Amino acid sequence: MSSGDVVVIGGGQAGLATAHTAAARGLRPLVLDAAAGPGGSWPSYYDSLTLFSPARFSSLPGFPFPGDPERYPLRDEVVDYLAAYTARVEAEVRFAGRVDDVRAEDGGFSVTTADGTVVRSRAVVAATGGFGAPYRPSLPGLDDFTGTVLHSAQYRNAAPFAGSRIVVVGGGNSAVQIAVELAAVAKVSLTTRGPLRFQPQHFLGRDFHWWLNRTGLDTSRLGPRLIKGSVSVIDDGKYRAAIRAGRPDHRPLFTRLDGNRVVWADGTSERVDVVVLATGYRPHLPFLAGTGALGPDGAPLHDGGVSTAVPGLGFVGLERQRSFASATLRGVGRDAAYVLNSVLRHPARHATAR
């Protein structure tokens with residue numbers, strides 16, 4: 001059995017930012033990550049993924065993103081950046097250290113990993129983020145569809161799908177980016193429940209992240225309350241132009257899938273080879289199941305990332321947990337500081353010891 005001031009579960013961007021913040025406060029953070037090496041979930045994303053924020057707004061605390069600050073980094077650049085950050089963070093980072101169980105006991109926590117190692121700590125921060133479980137929506141006929149169904153988490157590049165008839169479900173940034181990429185080699189329809197919403201990449205000569213930062217809206221808790229619902233697609237004009245040109249075409253969500261066919265809202269049907277679900281993710285926190293920290297749907301019970309059920313437990317990296325930037329490289333550092341301050345110095349509000 002070993003011990004530390006705070007155990008951070010997850011070694012991606014949220015976990016690294018939390019570890020850096022803890023070390024800067026003179027604490028001894030221990031990071032436990034299930035992956036074999038650094039990079040968090042980034043190595044598993046599709047090949048062409050490009051950040052929608054410039055490098056100057058895509059840094060973790062204490063280590064600016066290298067290179068031209070105005071460029072939009074590619075997936076592999078982010079992986080390399082996180083590997084470099086891991087090497088310099090003042091914390092012990094254990095890879096291949098999947099956490100199986102967390103227990104609150106004796107004024108602290110015991111954390112058990114898959115190999116049976118038990119770690120005692122004063123506080124625990126679950127920093128696995130909100131991208132642990134690809135979300136598969138309940139769509140009529142989806143379970144019996146005889147073609148190929150894959151989530152965007154399984155998509156890598158367009159090459160295997162040349163010549164296919166494809167339907168992409170979803171209206172977010174990844175859905176549009178993947179649909180446009182596939183449309184270069186296949187016949188693709190992008191289908192959504194509502195209209196697509198676009199956010200211009202630049203406004204008055206500045207990237208819109210500059211405006212978010214300048215106004216404070218990016219990190220304000222008022223942001224998610226002012227604008228509810230789906231996030232707009234960030235576009236420099238090429239995605240909207242592609243959709244207007246029908247590459248891909250955009251249609252209302254289909255009525256149902258029937259065998260290997262899709263039935264559209266206007267009653268027409270056609271054969272489809274592949275359905276891509278670009279429908280987002282949900283938090284995956286099975287190691288907290290015995291703590292009472294999760295709701296009936298498995299989602300964490302928290303206020304701004306601070307557990308409302310278990311004192312000393314916090315979360316970093318959840319979407320919109322405190323602001324628009326909460327699940328991003330530029331935002332996790334601020335959330336980590338807030339969460340650490342709360343879980344180390346004050347019991348969670350309305351917390352019940354278990």
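Everything numeric here is computed off the predicted structure, so don't read it as measured data.
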**Report entry** L318 and H302: CA distance, side-chain angles, deciding distance, side-chain contact (heavy atoms from CB on, under 4.5 Å) verdict
**Finding:** CA-CA 10 Å; L318 301 176; H302 71 97; 3.6 Å; yes
**Report entry** Pair V7-F109, side-chain contact (heavy atoms from CB on, under 4.5 Å): steps then yes or no
**Finding:** CA-CA 9 Å; V7 167; F109 294 88; over 6 Å; no
Query raised in the report: Where do V119 and R94 land on the side-chain contact (heavy atoms from CB on, under 4.5 Å) test, with the steps shown first?
Result: CA-CA 12 Å; V119 180; R94 297 181 189 173; 4.1 Å; yes
**Report entry** Residue pair Q177, Y46: steps toward the side-chain hydrogen bond (donor to acceptor under 3.5 Å, both in side chains) verdict
**Finding:** CA-CA 10 Å; Q177 192 173 77; Y46 53 97; 2.5 Å; yes
**Report entry** side-chain contact (heavy atoms from CB on, under 4.5 Å) evaluation trace for E105 with R120
**Finding:** CA-CA 10 Å; E105 54 186 37; R120 292 278 303 164; 3.3 Å; yes
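One distance of note links CZ of R71 with OG1 of T50; it measures 11.0 Å at 0.5 Å rounding. Note that OG of S323 is 6.0 Å distant from CG of D218, once rounded to the nearest 0.5 Å. We find the CG-CD distance between D235 and Q199 to be 10.0 Å, quoted to the nearest 0.5 Å. T146 OG1 to D258 CG: the interatomic distance, rounded to the nearest 0.5 Å, is 9.0 Å. Note that OG of S269 is 10.0 Å distant from CG of N260, once rounded to the nearest 0.5 Å. Here the NE2-OH distance, from H209 to Y72, works out to 8.0 Å after rounding to the nearest 0.5 Å.
Judged by distance alone, the side chain of D33 and the main-chain N or O of F95 form no donor-acceptor pair under 3.5 Å. Between the side chain of D76 and the backbone N or O of V79 there is no donor-acceptor pair closer than 3.5 Å. With S53 contributing its side chain and L51 its backbone, the two residues share no donor-acceptor pair below 3.5 Å. D5 places no side-chain N or O within 3.5 Å of a backbone atom of L27 that could act as its donor or acceptor partner. Although no hydrogens or angles enter the test, the distance criterion places a donor-acceptor pair under 3.5 Å between the side chain of T191 and the main chain of L253. A donor-acceptor pair under 3.5 Å is absent between the side-chain atoms of S58 and the main chain of L329, judged by distance alone. Under the 3.5 Å distance criterion, the side-chain polar atoms of R28 are left unmatched by any main-chain donor or acceptor of E92. Within the 3.5 Å criterion, the main-chain N or O of W264 finds no donor-acceptor partner in the side chain of T268. A donor-acceptor pair is defined here as one N or O able to donate and one able to accept, closer than 3.5 Å; no such pair exists between the side chain of D249 and the backbone of R251.
Minimum heavy-atom separation, V169 to L139: CG1-CD1, 4.3 Å. Across every non-hydrogen atom of V332 and Q13, the tightest pair is CG2-O, 3.8 Å. Considering all non-hydrogen atoms of both residues, A17 and P61 come closest at CB-CD, 4.0 Å. What you find for R271 and R165 is that their closest heavy atoms are O-CG, 3.4 Å. Here the shortest heavy-atom pairing between S307 and A293 reads OG-CB, 4.4 Å. Residues P43 and P38 approach most closely at CG-O, 4.2 Å, considering heavy atoms.
Under the 4.5 Å side-chain heavy-atom criterion for Ile, Leu, Val, Met, Phe, Trp and Tyr, L30 and L313 are members of the same hydrophobic cluster. Using a 4.5 Å cut-off between side-chain heavy atoms of Ile, Leu, Val, Met, Phe, Trp and Tyr, with links allowed through other members, L212 and W210 fall into different hydrophobic clusters. At a threshold of 4.5 Å between side-chain heavy atoms, the hydrophobic network of Ile, Leu, Val, Met, Phe, Trp and Tyr places F52 and F203 in two separate groups. When hydrophobic clusters are built by joining Ile, Leu, Val, Met, Phe, Trp and Tyr residues whose side-chain heavy atoms come closer than 4.5 Å, directly or via intermediates, F254 is not grouped with V274. Residues F65 and Y45 share a hydrophobic cluster, clusters being chains of Ile/Leu/Val/Met/Phe/Trp/Tyr side chains in contact below 4.5 Å.
The closest side-chain heavy-atom distance from L288 to F315 is below 4.5 Å. Within the 4.5 Å cutoff, the side chain of T148 has no heavy atoms near those of the F161 side chain. Contact check for L142 versus L277: side-chain heavy atoms found under the 4.5 Å cut-off. Inter-residue side-chain proximity for L196 and L190 is flagged as met; some heavy-atom pair is nearer than 4.5 Å. Residues W42 and L49 form a side-chain contact, since some pair of their non-hydrogen atoms from C-beta on lies under 4.5 Å apart. At least one side-chain heavy atom of Y155 sits less than 4.5 Å from a side-chain heavy atom of L182. Side-chain contact between T18 and V31 is absent, with no heavy atoms from C-beta onward closer than 4.5 Å. A heavy-atom distance below 4.5 Å is not found between the side chains of F287 and V111.
The neighbour count for E90 CD, taken as heavy atoms of other residues, nucleotides or ligands under 6.0 Å away, does not exceed 12. Other residues, nucleotides and ligands contribute over 12 non-hydrogen atoms within 6.0 Å of the NE2 atom of H202. Atom CZ of R156 is surrounded by more than 12 heavy atoms from other residues, nucleotides or ligands within 6.0 Å. Surrounding CZ of R247 are at most 12 heavy atoms belonging to other residues, nucleotides or ligands under 6.0 Å away.
Salt bridge annotation for R56-D207: absent, with no cationic side-chain nitrogen under 4.0 angstrom from a carboxylate oxygen.
Listed by chain and number, the residues in a ring-ring contact (aromatic ring centres under 6.0 Å, His included) with H151 are Y281 (sequence neighbours excluded).
Counted by atom type alone, Y338 and Q321 present zero donor-acceptor pairs between their side chains at under 3.5 Å. With hydrogens and angles left out, the side-chain atoms of T308 and D303 include no donor and acceptor closer than 3.5 Å.
Ring centroids of W211 and F208 are separated by 6.0 Å or more, keeping the two rings apart.
Relative orientation of the Y81 and F63 rings is parallel, given thresholds of 30° and 60° on the angle between their planes.
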Give every donor-acceptor pair under 3.5 Å between a side-chain atom in residues 125-136 and any protein atom, sequence neighbours left out.
residue	atom	partner	partner atom	Å
R136	NH2	D143	OD1	3.3

